[in-house]
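Below you'll find the structure, written out as C-alpha cells, and then a few comments.
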Amino acid sequence: MPVEIFKEKYTGKVQEVVLGATKEEGGTRAYTVKLGGSSALPFLQFEGESARPVIAMEVWDIKPNWHECFEPYIGDVWEDPVAWAQKLEQEYGAEVIYLTLKGADPERENPKSADDCAKLVKKILENTKAPLMVEGCGNYEKDNEVLQAVAEAAAGENIALGMAEKDNYRSIAAACMMGKHCIIARSPVDINIMKQLNIMILDMGVPADKIINDPLASGLGYGIEYSYSIMERARYGALVGDKMMAFPIVCLAGQEAWRAKEAVAPDDAGPGWGDQKTRGIMWEAMTAAALIQGGADIVLLRHPEAAKLIKEHIEDLMVPNTY
Amino acid sequence: MAFEMIGERINGMFKDIGEAVAKFDPKPIQEWAIKQTEAGAHWLDVNVGPTATDRVKAMRWMVEVIQEVCDTPLCLDSTNYDAIEAGLEVCKKPALINSCPAERPKIERVFPMAKKYGAGIICLTMDKSGIPKSADQRIAFAMELVAAADEFGIPYDMIYIDPLILPCNVAQDHAPEVLETLRQVKTLSDPPPKTTLGLSNVSQNCANRPLINRTYAVMAITCGLDSAIIDVCDDDLVEAIATADMLLNRSIYCDSWVKVFRQR
C-alpha cells in the first residue's frame, strides 16, 4: 500500500532580496545573489521552495585579532583588505564579501575617517566581482557618518549596510534609501523587537525587498538553541502570512563561533578536546550548519576550511527530497 | 488564521446608503467602501436594503461602483439569490455569499452558485422554524451545512458558520449557547469550517452598545470566532479584536500589534 506523505500547506513565503547589481542594473558586480524566497521550512523541498543559503566571508579594514590558525590562510593579505577580499572570492569560494569597518571606531587610536572608509569600499568594489555587505564599527554616531559616506561611494552597487538597531535605524535607513541599498536590521535575540524594527524601517519608506534581518544568533554552546527557536518561529510566521517576519536572515556564524573558548583553547586543553585547529573549524562549521537549519538565508563565515565544509554541506542539503 | 473583519456599513438599512441606492448615487457607497477599507476591513458587506425596487439591478450596480474605488473582496448580503448571483457575475475577486440557512431548497440554490463562482458561504444555523435556542440544535444545523459542502464540492474552510446571536435584552440566554456552538463547530470537519457572527446584533436597542459589542467579540474569539460583520470604524472594538487575536498567539507580538492587525 503506498504511503501518502503528509504535506503542510503554507500561504506565505520569505521575501526575496537581491544583493548586488550588474552592469545592466547600474552597478559593476559580475553577478547578483538572491536571498530568501522560501515557501517551506528549511530543506523540506517536498513542501515548497527552499532557498539555497548563501556563503558570505569576512574582511576587516584593519588587521584582525584572530587566532593564529587563520594565518596560513589569510596572513599574507590581512593587512590589505582589497587583496583579502580578492583572495576570499578567488580562492575560498566567498559568494558575498562582508566588510566590517572596525577601524572607524573612535575608541581606537587613529580611527579611520568616514572618507577613508568610503574610499576603501570604492576600491574593494573596483577590484572584486562579488556583491558586498558593509557593517559599521558599532559606534552609533560614527556609523551615521561612515555609512552615509559608504552609501554614496557605493551608489548603484546595491550593497547591504548595517547594523540598523532600534536606537539608530533612522540615519542608516535614510542612507540606504538615498543610495538604493539594502539594510541589515539587527535585533538582540528578540523576536518581538525584530518584528517592531521591521515595521519602523518599512514606515521610513525602505522597500520590503531591501530588508535583511540579523537576529544576532549565538554560537554553538552559547545559546544557539534559543536563536534557533527564534529563527524557526520567524520563518513559521512568514509561512503563515506574517509579512513583518518574512525578511531573509543573515547569521554571523564565524564571529560568534570563534568567541567560544572551545574554538580557541590550545591542543592540550584537556583529554578528548583534540587539536585546536580541527576543533575551531568544526565549531564554526557546526554553528553555521545549525543556523542554516534554523532558516539562515546567508551565513557569514570566517575560516576558509569551515566555509568549504559548509559549502559541501549545503550541496548535500539542496538535493531535493521530493516524495 | 488571523481574524477577518467584514465591514457592515454598506447596507441599505442605513439611511444614507438607502437613499443612495434609491437614487443610484454612488458617492456615499464609495465613500464607505474607502473608509472601511482604510480602517482594515478584509471584506465589505453589500446589502441593497429595503428601499431598492429592483434588487438584482441594485446589487449589480453597487458591486460595480464599489469596485471602481477599491479592490476589497465583497460579501454579498441578500435574501434574494438572483440579486446575489447578479453581484457574483461582476465581482472581480472571489466573494462571500451572505447567507444560506439549513433549508434544502436554499442549499440547492446557493451551494452550486458558490461552486460556480468560487465564493465562500455564510451559513446560518437555522431553518424555516427559526433560530433554535440550544447549542446542540445549532450544531445539528451546522452539521447539515457542512455535509452539504461535502456534497457540492465546496472546501470546508469556505463555509462560514454563523450561529446567530440575538440581542441580549431580548434573548440573553442565547449568548452562552452561541459561544458553546462556536467551540463545537470546530470539531465538525478537517479542516474545520470557519465561523462568523453579525456582531452588532448582540446589543440591538441596548445601552452602551460599543461596550457590549467589544466584550462579546473578545469572548467569541476565544471560543473560535474567525470573522464577524462589524463596525470596522469602531476603534475600540477593532483594538480589542486585534489584542484578542495577538493574545491567542496567532501573530507574533510587537509594540505596533494593533497597527499591524489593521494593515494585514
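So that the names make sense, note that chain A is the first sequence line, chain B the second, and so on, each numbered from 1.
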* **Under 3.5 Å donor-acceptor, Asn192(A) side chain and Cys254(B) backbone** => no

Got more than 12 heavy atoms from elsewhere within 6.0 Å of [atom1], [X]?
| X | atom1 | answer |
| --- | --- | --- |
| Tyr226(A) | OH | no |
| Met163(A) | CE | yes |
| Lys115(B) | NZ | no |
| Met158(B) | CE | yes |
| Lys35(B) | NZ | no |

Looking at [atom1] of [X] and [atom2] of [Y], how far apart are the two atoms once the value is rounded to the nearest 0.5 Å?
| X | Y | atom1 | atom2 | result |
| --- | --- | --- | --- | --- |
| Ile252(B) | Met194(A) | CD1 | CE | 8.5 Å |
| Gln196(A) | Trp257(B) | CD | CH2 | 10.0 Å |
| Asp255(B) | Met200(A) | CG | CE | 8.0 Å |

Counting heavy-atom pairs under 4.5 angstrom with chain B, the leader among Asp242(A), Ile191(A), Asp190(A) is Ile191(A)

Checklist entry - Do Lys259(B) and Asp203(A) meet the salt-bridge criterion of a basic N to acidic O distance under 4.0 Å? => result yes

Margin query: Does any part of the side chain of Lys195(A), heavy atoms only, come nearer than 4.5 Å to the side chain of Ser256(B), both counted from C-beta?
Written below: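 Contact flag for Ser256(B)/Lys195(A) side chains = no.
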
